[in-house]
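The structure appears below as structure tokens.
Residue numbers begin at 1 in each chain, while the letters A, B, ... track the order of the sequences.
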Protein chains: 2
Amino acid sequence: MAGVSLGSRPTVKDVAAAAGVSATTVSRVLAGNYPVSASTRKRVLRAVQDLDYVINAQARALVGGTTRTVAFIIRDLVGPLFAYIGQGVEQQATAEGRVCLVCTHHGDADRELELIELMREQQAEAVVLVGGGLRTPEHLERMAQIARSLERVGSRLVLCGRPPIGPDVPATVVEYDNEGGAFAVTNYLLSLGHRRIAFIGAAEPEHTTTSARFDGFTRAHAAHGLTVDPSLVAGGTFDRESGYRQTKALLTRDTGMTAVVGITDIVASGVLAALHEAGLRVPEDISVAGYDDIPMSADLNPPLTTVHIPHEELGRSAVRLALHRDDYAQDQHLMLGTHVVIRKSTAPPRER
Amino acid sequence: MAGVSLGSRPTVKDVAAAAGVSATTVSRVLAGNYPVSASTRKRVLRAVQDLDYVINAQARALVGGTTRTVAFIIRDLVGPLFAYIGQGVEQQATAEGRVCLVCTHHGDADRELELIELMREQQAEAVVLVGGGLRTPEHLERMAQIARSLERVGSRLVLCGRPPIGPDVPATVVEYDNEGGAFAVTNYLLSLGHRRIAFIGAAEPEHTTTSARFDGFTRAHAAHGLTVDPSLVAGGTFDRESGYRQTKALLTRDTGMTAVVGITDIVASGVLAALHEAGLRVPEDISVAGYDDIPMSADLNPPLTTVHIPHEELGRSAVRLALHRDDYAQDQHLMLGTHVVIRKSTAPPRER
DNA sequence: TTGTACGCGTTATCAA
DNA sequence: TTGATAACGCGTACAA
């Protein structure tokens, strides 16, 4: 292997020297945006090969002003829902010639803010926040400030699966119809004849996802002239264990419930487990619905009725909009549709 | 908001001007590695606040020589196994104060090589390859070259879940006992009395994961004085659909098989589906085992006997070793153990 | 304790 | 078609 020197990265200068040209010429050959004679180009490319040269992205970013980098900040890398959105982000970023930075906050809202700051240091062209977030006034205010900070340096805050922060806050928003999906699935259960429907996972009312889904649940009841019975509303977190525990608790009381809506499919899988354990059949004895339509839902026993979210499309659109916001004044707020996927876990209530 | 100028990122110079000091002093305050008078520090920090200044990570990397960045290259962001390894990588990187770059190659080995090159441009301190890879001579040779290229510029190739490339190739390797796990689970089935065991997912013999697992399967047979019947070995890919199709095909022939090993849990879930559809009970009529111990395995019907891989530990160790390779001459090859997790999908064969 | 001058690797500008 | 020079934003050696 000719010409490779150990211990230090070759630079344009080294290539220039090896090719007997100036650094400028090397740069031009590599960029291909300037006329260079064929013979010179050949010599330069040869030197690049010999020295095993690659460009220094940091140096290029420093002078060029852009890093061609997109950051995405996500609760976790695991978990079927977020991973699919993340996959959409990564694919679109790659398709647009960008590199992806990824960070996880494990549900810690303050950590999320820290990470945005970190991504601002990294000069990310866009900072995509995946999934729902807090909606307390303080948090929204800090978020608004951060959005403006990013704006000032030519970057862009992107909310993916979360409602806008405020009317005058510069941010790209790609959300899905969280409330509408919850309305639709609840409405479906009500149409089947259910009147005692439990809702599991209603804690954290200041969390955007939680509140939107619960609102849809409530509105569907209202549309049928009903009000939600608070004793049928259980709290908990977004995991399977929570769905299991909350269902167990509900079963100890005589609630008369004939259907359960889990705030996510994962929660619903815990609901199913608890019901099976109690010897109840789904959907004969009790109906169960989830939310998210993660791949696993089709494999549950029985296959779960749920609300479909366009996971990947969410991520892709987020990046696409953010990177092309200067083009023909695109609308920077997109609301993607959701729809109910009817499987085997729901049926009319038993005659009592 | 005082002092924020629109449209351009503030620099140390701006902060210095605002605080009435030199750029050097600002740098020192921010780095905190040099004595600065309390009053000066205060003025500087105040200016930083006012201007909403953050450091430029690219510029710092250019002079400092290090990006504090770790890249990980993975087949997909979705898929339970890789995501967990990725999570380990991300967590350890964060714990070590690094930022993560992520790219996916969707199983395309050439694309993987391109991405490594891209990460070399990005000056990543370590480039972690997650999951198995090709093992053709050409690919190995290109891989070895790349490892040396990375080495030359102070970066490091890390193989996570893949065997070493060669003895003289500079790379950090963290693998798990793929062959041993396959041996153990096959041995378990043989010990239960099974003699006609199918292996599903044996295509791509040049893929490291595939071949290691099939080797373990073969060796277990040999240890019992048996040879593998080729008619019980089916090919296919790593997905559920493949497991389903291959099983269907096996069932059309009278193979006499009493047990099936899927090359992954996902494949095994397809196997289960095909068996159920054929009216066969698991494990009464036929036993099924998988590989990977992804979370879903415990929820399959019946819960799947499988081989556990220390997913997250794999990712964490990979990053830890790579970043500390200068410390006290650490061994840069780690082999983590696997073990069989016995659940409900395996039992002794029926008396015939 | 603080400041000046230079260099990191690249590209843009200007001149030849 | 090619080259010299300056500049990007920061850290560091050296000087004060």
| Atom CZ of R28(A) to atom C1' of dT10(C): distance rounded to whole Å? | 13 Å
| said: Tell me every residue that passes salt bridge (Lys or Arg N to Asp or Glu O under 4.0 Å) with E125(B), counting only those two or more places apart in sequence or in another chain. | reply: R98(B)
| Any residue of residues 61-71 of chain B with a heavy atom less than 4.0 Å from an atom of DNA chain C | L62(B), V63(B)
| query | Which is it for H324(A) and E96(A) under the side chain to side chain donor-acceptor pair (under 3.5 Å) test, yes or no, and what are the steps along the way? | reply | CA-CA 10 Å; H324(A) 298 290; E96(A) 306 246 13; 2.8 Å; yes
| task | Can you measure from CG (D108(B)) to CG (L134(B)) and round to the nearest 0.5 angstrom? | result | 10.0 Å
| said: Please report the distance, rounded to the nearest Å, between CZ in R60(A) and C1' in dA12(C). | reply: 13 Å
| message | At a heavy-atom distance below 4.0 Å, which nucleotide of DNA chain D is the first touched by chain B, and which is the last? | response | dG9(D) to dT12(D)
| said: One thing to verify: whether R316(B) and E313(B) come together as a salt bridge, which I'm taking to mean a side-chain N less than 4.0 angstrom from a carboxylate O. | reply: no
| Under the 3.5 angstrom rule, does the side chain of D76(B) hit a backbone N or O of V78(B) as a donor-acceptor pair? | no
| task | Take atom CG of N56(A) and atom C1' of dG9(C), then tell me their distance rounded to the nearest Å. | result | 6 Å
| Cation-pi geometry met for R75(A) and F82(A) (6.0 Å, 45°) | no
| field | Comparing Y34(B) and V54(B) on DNA chain D - which has the more 5′ nearest nucleotide | value | V54(B)
| Does E90(B) have any salt bridge (Lys or Arg N to Asp or Glu O under 4.0 Å) partners at least two apart in sequence or in another chain, and if so, which? | none
| Taking atom types as modelled, is there a side-chain donor on T208(B) or R135(B) under 3.5 Å from an acceptor on the other? | no
| field | Carboxylate-amine/guanidinium contact E151(A) R148(A), below 4.0 Å | value | no
| said: Any salt bridge linking R325(B) with D331(B)? Criterion: basic side-chain nitrogen under 4.0 Å from a carboxylate oxygen. | reply: no
| field | R9(A)/D52(A) ion pair, N-O < 4.0 Å | value | no
| query | Can you name the closest pair of heavy atoms from L140(B) and I165(B) and give their distance? | reply | O-CG2, 3.6 Å
| Criterion side chain to side chain donor-acceptor pair (under 3.5 Å) on R60(A) and Q58(B), from CA distance to verdict | CA-CA 9 Å; R60(A) 184 210 283 261; Q58(B) 329 293 323; over 6 Å; no
| said: Expected output is a numbered-order residue list: members of residues 11-26 of chain A with a heavy atom under 4.0 Å from any atom of DNA chain C. What is it? | reply: T11(A), V12(A), T24(A)
| field | Selection: residues 37-44 of chain B, any non-hydrogen atom under 4.0 Å of DNA chain D | value | none
| Whole angstrom value for the distance that separates C1' of dT10(C) from CD of Q58(A) | 12 Å
